[in-house]
Structure formats: structure tokens, C-alpha cells
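So the structure is just underneath, and the comments pick up after that.
By convention in this document, chain letters (A, B, ...) are assigned in the order of the sequence lines, proteins followed by strands, and residues within each chain are numbered from 1.
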Amino acid sequence: AQTIHQWPVAEIKAVGSPLSLGCTIKGKSSPNLYWYWQATGGTLQQLFYSITVGQVESVVQLNLSASRPKDDQFILSTEKLLLSHSGFYLCAWSPGPNERLFFGHGTKLSVL
Amino acid sequence: GDQVEQSPSALSLHEGTSSALRCNFTTTTRSVQWFRQNSRGSLINLFYLASGTKENGRLKSAFDSKELYSTLHIRDAQLEDSGTYFCAAEEAGGYKVVFGSGTRLLVSP
């Protein structure tokens, strides 16, 4: 069975500090990977997607970047956090295009 | 405007009653997915539909790709059905999935 693991579970960071969030998928080779952001009480906004190692496409610009260093790993990062980066970050995977999305448990980020 | 319009934004049900959620799409969408998010933030994928209807226990979903809408019916609501329900539409190309604004469902005794 496939599993998706996100880390950390929660972060409290200062404005201007760097950030790195991670996501690992086990049990599925070459998954499509996605990063989503959710404001408190809001909807999910897609940030990035990746269909293969080393290739990441940006969907919306939020002063964040993403990388896929390994087939099963997706990283979200920034060098300088903004207050507006606070929220809930969710990693997701699908077997391919036009297939179901499966989400990790998310990372709650508070920027102070 | 928003590509995915979801209604209602909030819904209260008593146990044992039934209701429906709806999503309208402003552009052609290849497929629709329905999710439930619990209080801890975890999202469960309830349905994936490219067309037609699917049923799973007390939940039933339909997708009309020509009329550009999807529905999620909840029958005999239970306390554990409480949460926020999202529909999501897949754009052509298969890599962009746009979420609706969500329906907050509260089921009470």
C-alpha cells in the first residue's frame, strides 16, 4: 500500500527566516506530486506540481519554491518567510494525470 | 470568477436526515473529485468521477460534464459525517486541480 508522509507536523517561524517542508511517498514509483496551501478556514490553493524527478511546475507565485530531488520526495522551501505564508501546507500524490488525489496529513505553519 | 462554485457554504443537519451539496463549473472539466476534511486538517478522497454516478455507503455522487455540475448526496447523516466537504475540478492536461470554497457540514443529534 502507498503511504505519504509529511514533515514537520507543525512549525513556528519568524518573518524573514528560511523554511523547508518535506513530503515522501512510499509504495508508488513515479507518482505525480503536488503542493497545496490552505489559509485558515479557506480553500486549497495549488502551488506546484511535479510529474518526474527534477521537474517542477509552478501554478501560483507566492515567493515559494519547490524541488523534487528524488522520485519519492517533494520539498517546499523559501529563503525568507512572510507573514502571509502562514497556513496549512498539504502534499498530495496521484498515480498519474486524471486520477485520484491522495493527501498527506499536512504541516501547520505559523509565521510570527 | 471562480472556476468552481460550491454551495452551500455551510449546512446543519440532524442525525438521520439527508441533503445534497453542489458544485458548478464555469469551464469544461475532465473530472471531479470530492473530499472531506476533518477538524485536524486531514483530507479523505471520497469520490473520483469522470462521468456518471458513484455510490459508497450513504454517500452518492454524480457528475454531469455537459451541464457542468456535480452533486454529493448524504443520506441518513451521522455525527461522523461532520467536516468540510470540497469538490475539485481537473483542468485539461491533468495536472491542475482547482478546489471549490468548501461546505462546512455539522451533523447534530
A:E79 atom CD: more than 12 heavy-atom contacts under 6.0 Å: no

Contact class of B:L49 relative to chain A, heavy atoms under 4.5 angstrom: neither

Chain A contact via B:R104 - side chain, backbone, both or neither, heavy atoms under 4.5 Å: side chain

Interchain contact, A:E57 with chain B, by part (heavy-atom threshold 4.5 Å): neither

Same cluster (ILVMFWY, side-chain, under 4.5 Å), A:L101 and A:Y89: no

A:S94 side, atom OG; B:E90 side, atom CD - distance, nearest 0.5 Å: 7.5 Å

Cluster check A:L76, A:V53: I/L/V/M/F/W/Y, side chain < 4.5 angstrom: no

Nearest non-hydrogen partners of A:H105 and B:S42, listed with the distance: ND1-OG, 2.9 Å

From CA spacing to verdict: side-chain contact (heavy atoms from CB on, under 4.5 Å), A:Q38, B:F86: CA-CA 12 Å; A:Q38 185 180 29; B:F86 291 97; 3.6 Å; yes

Common cluster, B:L106/B:I74, ILVMFWY with side-chain heavy-atom separation under 4.5 Å: no

Hydrophobic cluster identity match, A:V60 and B:V4, side-chain contacts under 4.5 Å: no

Residue pair B:Q37 / A:F88, side-chain heavy-atom distance below 4.5 Å: yes

For the student: nearest non-hydrogen atoms of A:L44 and B:F99, plus distance: O-CB, 3.7 Å

Same apolar cluster (I L V M F W Y, side chains within < 4.5 Å links), A:V111/A:L90: no

Beyond-backbone contact of A:Q46 with B:V98, side-chain heavy atoms, under 4.5 angstrom: no

Closest approach of A:I51 to B:Y95 (non-hydrogen atoms, all atoms of both residues): CG2-CE2, 3.0 Å

Min side-chain heavy-atom separation B:N45-A:F103 under 4.5 Å: no

Shortest non-hydrogen separation from B:F47 to A:R100 and the atoms involved: N-NH2, 4.1 Å

Backbone N/O of A:N98 and side chain of B:Y48: donor-acceptor pair under 3.5 Å: yes

A:K108 atom NZ, neighbour heavy-atom count above 12 within 6.0 Å: no

Within 6.0 angstrom of B:L79 CG, more than 12 heavy atoms from elsewhere: yes

